[in-house]
Amino acid sequence: MEAIEMIKGRRSIRKYKDEVVDRDVMTEIIDITRHAPSWTNSQTPRWTLVDDAEVIAKFAEDGVKGFAYNIATLKNARGVAVLSFVEGRSGRTDKYDIETSENPGRWESFDAGIACQTFCLAAHAKGVGTCIFGVIDEPKIAELVALPEGEKVASLVVYGYPDEEPKMPRRKEVDDLLRFV
């Protein structure tokens, strides 16, 4: 699949076939994802893949703050990726003779975002649909998957074989998004 076609064709998938994605396929997707760039090559994103139906049900019950859209998607999900990151590495400049960013913590989220998009595109290339959740209870998710100390949950990404083909939503025009200086 061509890169531009992948970017333009990837959609958030909320309906999945009743089929668990093989762990070898998911391992291959993570192998691709690990090539995402990060702050000074800190490689802080981590992935906990959940295909246990009971844990996924607990995410729906306790991990998405009662948000109905996420609950409905999780009830149909056969896999959930918990994206986390190692805290305190991204955004550090102590090995350089410069001042740190005003908000070094935002780079952890930035690196996680790059990894998340890379994961979604790699999954799309392998025929696996994804949907990124923003409304989550981070401490509860961390507890449910026994996240190691020093890691923080960035997002949940539901994944599975698509059982829908959503149309592209309306996009803003380039002129509404772009400025030259």
Side-chain angles (χ1 to χ4, degrees), residues 1 5-34 36 44-85 106 108-148 151-172 176-177:
M1 186 179 290
E5 177 187 343
M6 249 184 9
I7 292 166
K8 289 183 174 184
R10 190 237 162 228
R11 301 279 171 272
S12 291
I13 303 296
R14 293 176 178 84
K15 294 179 183 170
Y16 303 95
K17 294 179 180 174
D18 189 15
E19 180 181 350
V20 175
V21 178
D22 186 271
R23 288 183 172 186
D24 289 339
V25 172
M26 294 311 301
T27 299
E28 194 175 346
I29 290 167
I30 296 300
D31 183 46
I32 296 165
T33 301
R34 72 188 177 90
T44 61
R46 299 292 184 268
W47 298 91
T48 304
L49 302 185
V50 179
D51 56 14
D52 182 304
E54 289 181 21
V55 177
I56 294 170
K58 288 179 184 176
F59 287 162
E61 186 177 315
D62 298 326
V64 293
K65 300 182 177 185
F67 188 54
Y69 291 114
N70 287 359
I71 292 170
T73 302
L74 284 166
K75 286 186 177 187
N76 180 248
R78 298 296 169 262
V80 179
V82 178
L83 169 57
S84 58
F85 56 83
R106 75 174 167 218
E108 294 170 333
S109 296
F110 195 85
D111 285 350
I114 295 169
C116 191
Q117 175 71 342
T118 304
F119 174 87
C120 291
L121 290 173
H124 179 55
K126 295 292 180 181
V128 176
T130 56
C131 185
I132 304 166
F133 284 6
V135 180
I136 58 172
D137 184 333
E138 295 165 13
K140 188 63 179 177
I141 298 296
E143 177 187 319
L144 288 170
V145 298
L147 204 66
E151 286 184 35
K152 183 175 180 175
V153 173
S155 67
L156 290 183
V157 184
V158 178
Y159 65 86
Y161 292 113
D163 199 19
E164 65 175 345
E165 289 186 38
K167 303 249 186 282
M168 180 174 28
R170 190 179 76 71
R171 310 308 300 171
K172 292 185 183 292
D176 295 330
L177 305 171

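- Taking NZ from Lys65 and CD from Glu138, the interatomic distance works out to 7.0 Å, rounded to the nearest 0.5 Å.
- Put simply, CG on Leu144 and CG on Asp62 are 6.5 Å apart, with the number rounded to the nearest 0.5 Å.
- Residue Trp47 comes nearest to Cys116 through the heavy atom pair CH2-CA, 4.1 Å, listed as atom of the first residue, atom of the second, then distance.
- The shortest side-chain heavy-atom distance between Arg171 and Pro169 falls under the 4.5 Å cut-off.
- The two residues Leu147 and Ser84 have their closest heavy-atom pair at CD1-OG, 3.7 Å.
- A distance of 14.5 Å separates CG in Leu74 from NZ in Lys58, rounded to the nearest 0.5 Å.
- When all heavy atoms of Thr33 and Ala122 are compared, the pair lying nearest together is OG1-CB, 4.3 Å.
- We find that Glu143 and Lys140 are joined by a salt bridge, their nearest charged nitrogen and carboxylate oxygen being less than 4.0 Å apart.
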Exercise for the section: Give the intermediate values and the outcome of side chain to side chain contact (heavy atoms under 4.5 Å, CB included) for residues Lys126 and Ile32. Expected result: CA-CA 11 Å; Lys126 295 292 180 181; Ile32 296 165; 4.1 Å; yes
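- Here the shortest heavy-atom pairing between Leu83 and Pro45 reads CD1-CB, 4.0 Å.
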Practice task
For the pair Asp51 and Val21, evaluate side chain to side chain contact (heavy atoms under 4.5 Å, CB included) and give the outcome as yes or no after the intermediate values.
Solution key: CA-CA 8 Å; Asp51 56 14; Val21 178; over 6 Å; no
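- Ion pairing between a basic and an acidic side chain is recognised when a charged N comes within 4.0 Å of a carboxylate O; Asp18 and Arg78 show such pairing.
- Listed for the Arg14 side chain is no donor-acceptor partner under 3.5 Å among the backbone atoms of Glu164.
- With hydrogens and angles ignored, the 3.5 Å screen pairs a side-chain donor or acceptor of Asn76 with a backbone N or O of Tyr16.
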Practice task
Take Val64 and Val135 through the test side chain to side chain contact (heavy atoms under 4.5 Å, CB included) and record every step on the way to the result.
Solution key: CA-CA 6 Å; Val64 293; Val135 180; 5.5 Å; no
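- Between atom NZ of residue Lys75 and atom CD1 of residue Ile56 there is a gap of 13.5 Å, rounded to the nearest 0.5 Å.
- At a threshold of 4.0 Å, the pair Lys152-Glu108 does not count as salt-bridged, since none of the basic side-chain nitrogens sits closer than that to a carboxylate oxygen.
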Exercise for the section: Test side chain to side chain contact (heavy atoms under 4.5 Å, CB included) on Met26 and Tyr159 and set out the steps. Expected result: CA-CA 10 Å; Met26 294 311 301; Tyr159 65 86; 3.5 Å; yes
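- In this structure, Met6 CE and Cys120 SG are separated by 11.0 Å, a value rounded to the nearest 0.5 Å.
- In terms of heavy-atom proximity, Ala154 sits nearest to Ala112 at CB-CB, 3.8 Å.
- Under the 4.5 Å side-chain criterion, counting only non-hydrogen atoms from C-beta, Val145 is in contact with Phe59.
- Here the CZ-CG distance, from Phe85 to Asp111, works out to 9.5 Å after rounding to the nearest 0.5 Å.
- Contact between Ile114 and Ala36 at its shortest, heavy atoms only, is CG2-CB, 3.9 Å.
- Side-chain N or O atoms of Asn70 include none that pairs as donor or acceptor with a backbone N or O of Phe133 at under 3.5 Å.
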